[in-house]
Amino acid sequence: MAAGNAAKAAEPQTNSSTVKRPLYEGSTQYNSWRYSPEQLEQVRTSLNAAAVAVIRNTFEADEPGSSEDVLFLNASEEQLLVKLYITKIPQLCGHFRFPEEVEATAISYLKRFYLKNTVMDWHPKNVMLTALFLATKTTNNPISLESYTSNIPKTSNSDVLDLEFLVSQSLNFEFAVWHAHRALWGIWLDLQSLPDISEDLRPQDVYDIAIKHVRASRFTDAELIYTPSQIALASLALASPLLAERWADSKAVTSAQPFSATLDPTLGSIKYIITQMGHPPDVEAVREVDRRLKLCKNPEKVPGSKAYLARQATEQRRAEEKRNKKAEDVRRAVTQGGNPFGSELNEDEKAKQLAELDDDDD
């Protein structure tokens, strides 16, 4: 992807045959969840257009002509609503005293979910609650479901559990997330070992300011475009350009050109994103979007609607047909003297399946 070039800009350029591949490049985050700004826009626009087409057809099937006056949300308006609920996650984490790892992970899950789904199908409120609960488990900071839901007004256990599999599936069951706040801490520790950086040059308030910029970056698309180390270094540069430059130059393999100069364009883009977009959305604008969402929400997702009941009936009929077919296959196998659990494999079939398993392990 186009973001790949930017992602590699933070790494020293050396002979690839003598350098081990960074661990991050083997992660699902590096391989599955990186985009260029143009790719992000394309994904969201396409997803929005497909959702509008489906919902419009559903309206028309229920009542011809009913979709003509519906003002559907566009991709930007969907993101505005998602961003509001991203800002709710730090508030909930503060209430439950969850560590920063949970907060950052839940925010990443919410962003990734809406790269596969639309708010017109799934409202961000319950998705946000489910993403946060899931993050407590994947980061090894579990809380019981009862303790979780009982401390959130107007929230039942089903509000969380009903979406847990859908959220996990939308994440491709890829739960590990690499975060910028951890990269920033690593850079800060590195600075303490540099000989030309005294304590006077790296006061604690520099780190405190930098971590605030990292947290602000979570309200943006930065983590979907840039690497955690790039975001961390840009945040440090906003707090102390001198320290960021000294750290970057310390990683240069040769002294031909300062490494910080190579990184300037990338860091400049990240700093712009953080300072211009790293803040909560306008509440009134979001309220207007949410009001319109009630009028253009997919009726198949609204319990009690005709479309919802029709979809439920169709799914139940298909499930019943599947159960009946399975029962008929078992009955036929028994009456014909066969084994309902399948026949034993002969030696050739066993060897073939073992060979396939060996190939999968390569």
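These figures come from a predicted structure and were not determined experimentally.
Expressed to the nearest 0.5 Å, how far CG of Asp290 lies from NZ of Lys297 amounts to 10.0 Å. Between the CD atom of Gln42 and the OG1 atom of Thr45 there is a distance of 6.5 Å, given to the nearest 0.5 Å. Here Ile225 contributes atom CD1 and Thr266 contributes atom OG1; the two are 11.5 Å apart, rounded to the nearest 0.5 Å. Atom NE2 of His123 sits about 5.0 Å away from atom CG of Leu293, to the nearest 0.5 Å. The CG atom of Leu81 sits 13.0 Å away from atom CZ of Arg287, with the distance rounded to the nearest 0.5 Å. To the nearest 0.5 Å, atom CG of residue Leu134 and atom OG1 of residue Thr136 are 7.5 Å apart.
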Report the C-alpha separation of Lys125 and Lys88 in whole Å, then their side-chain angles, then the decisive distance to 0.1 Å, and conclude whether the side-chain contact (heavy atoms from CB on, under 4.5 Å) test is met.
CA-CA 9 Å; Lys125 179 184 177 182; Lys88 301 291 184 184; over 6 Å; no
Is there a side-chain contact (heavy atoms from CB on, under 4.5 Å) between Leu224 and Leu115? Walk through the geometry before answering.
CA-CA 10 Å; Leu224 299 172; Leu115 292 175; 4.2 Å; yes
Pair Phe98, Leu92 - check side-chain contact (heavy atoms from CB on, under 4.5 Å), show working.
CA-CA 8 Å; Phe98 291 148; Leu92 281 172; over 6 Å; no
Apply the test side-chain contact (heavy atoms from CB on, under 4.5 Å) to residues Lys116 and Leu171: give CA-CA distance (whole Å), side-chain angles for both, the deciding distance (0.1 Å), then the verdict.
CA-CA 8 Å; Lys116 300 290 184 67; Leu171 298 174; over 6 Å; no
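Put simply, the side chain of Glu77 does not reach to within 4.5 Å of the side chain of Glu288, judged on heavy atoms. Looking only at side-chain heavy atoms (C-beta outward), Ser250 and Asp190 stay at 4.5 Å or farther from each other. Here the side chains of Leu80 and Asp282 are not in contact, with every heavy-atom distance at 4.5 Å or above. Side-chain atoms of Leu236 and Leu191, non-hydrogen and from C-beta on, do get closer than 4.5 Å to each other. Residues Asn48 and Met120 are in side-chain contact: their nearest non-hydrogen atoms beyond the backbone lie under 4.5 Å apart. For the pair Pro124 and Leu84, the minimum side-chain heavy-atom distance is 4.5 Å or more. Side-chain contact between Ser108 and Gln29 is absent, with no heavy atoms from C-beta onward closer than 4.5 Å. When side chains are defined from C-beta on, Val82 does not count as touching Phe113, because their heavy atoms never get closer than 4.5 Å.
Hydrophobic clustering (side-chain heavy atoms under 4.5 Å, transitive across Ile, Leu, Val, Met, Phe, Trp, Tyr) keeps Ile209 apart from Leu242. Taking hydrophobic clusters as Ile, Leu, Val, Met, Phe, Trp and Tyr residues chained together by side-chain heavy-atom distances below 4.5 Å, Val119 does not share a cluster with Leu71. Linking Ile, Leu, Val, Met, Phe, Trp and Tyr whenever their side-chain heavy atoms come within less than 4.5 Å puts Phe173 and Val160 in one cluster. Leu47 and Trp33 fall into different hydrophobic clusters, where Ile, Leu, Val, Met, Phe, Trp and Tyr side chains are chained together by heavy-atom contacts under 4.5 Å. At a threshold of 4.5 Å between side-chain heavy atoms, the hydrophobic network of Ile, Leu, Val, Met, Phe, Trp and Tyr places Phe175 and Leu161 in one connected group.
Pairing each heavy atom of Ser217 with each of Thr220, the nearest pair is O-OG1, 2.6 Å. For the residue pair Ala131 and Leu110, the shortest heavy atom distance occurs at CB-N, 4.4 Å. Contact detail for Cys296 and Phe72: the closest heavy-atom pair is CB-CD2, 3.6 Å. Summarising the geometry of Phe96 relative to Tyr148, their closest heavy-atom pair is CZ-O, 3.5 Å, with the distance given to 0.1 Å. Nearest heavy-atom pair across His213 and Ile274 is O-CG2, 3.7 Å. Here the closest non-hydrogen pair linking Gly26 and Asn31 is C-ND2, 3.8 Å.
For Arg182 and Glu101, the salt-bridge test passes: some basic side-chain N is under 4.0 Å from an acidic carboxylate O. Taking the charged nitrogens against the carboxylate oxygens, Arg112 and Glu223 have no contact shorter than 4.0 Å, which rules out a salt bridge. Between Asp221 and Arg44, at least one side-chain nitrogen of the basic residue sits less than 4.0 Å from a carboxylate oxygen of the acidic one, meeting the salt-bridge criterion.
Few gaps surround CG on Asp205; more than 12 heavy atoms of other groups in view lie less than 6.0 Å from it. Remark: Glu41 CD is loosely packed, at most 12 non-hydrogen atoms of other residues, nucleotides or ligands lying under 6.0 Å away.
Taking the ring centroids of Trp185 and Tyr207, they lie under the 6.0 Å cut-off.
Of the N and O atoms on the side chains of Ser229 and Tyr24, not one donor lies less than 3.5 Å from an acceptor on the other residue. Side-chain atoms of Asp159 and Ser156 form a donor-acceptor pair, as typed in the model, at a separation below 3.5 Å. For His181 and Arg218, the side-chain atoms include at least one donor-acceptor pair closer than 3.5 Å.
At distances below 3.5 Å, at least one donor-acceptor pair connects side-chain atoms of Asn74 with backbone N or O atoms of Ser76. Under a 3.5 Å cut-off, the side chain of Thr58 and the backbone N or O of Arg56 do not form any donor-acceptor pair. Of the possible polar contacts, none joining the Glu25 side chain to the Pro22 backbone as a donor-acceptor pair under 3.5 Å is found.
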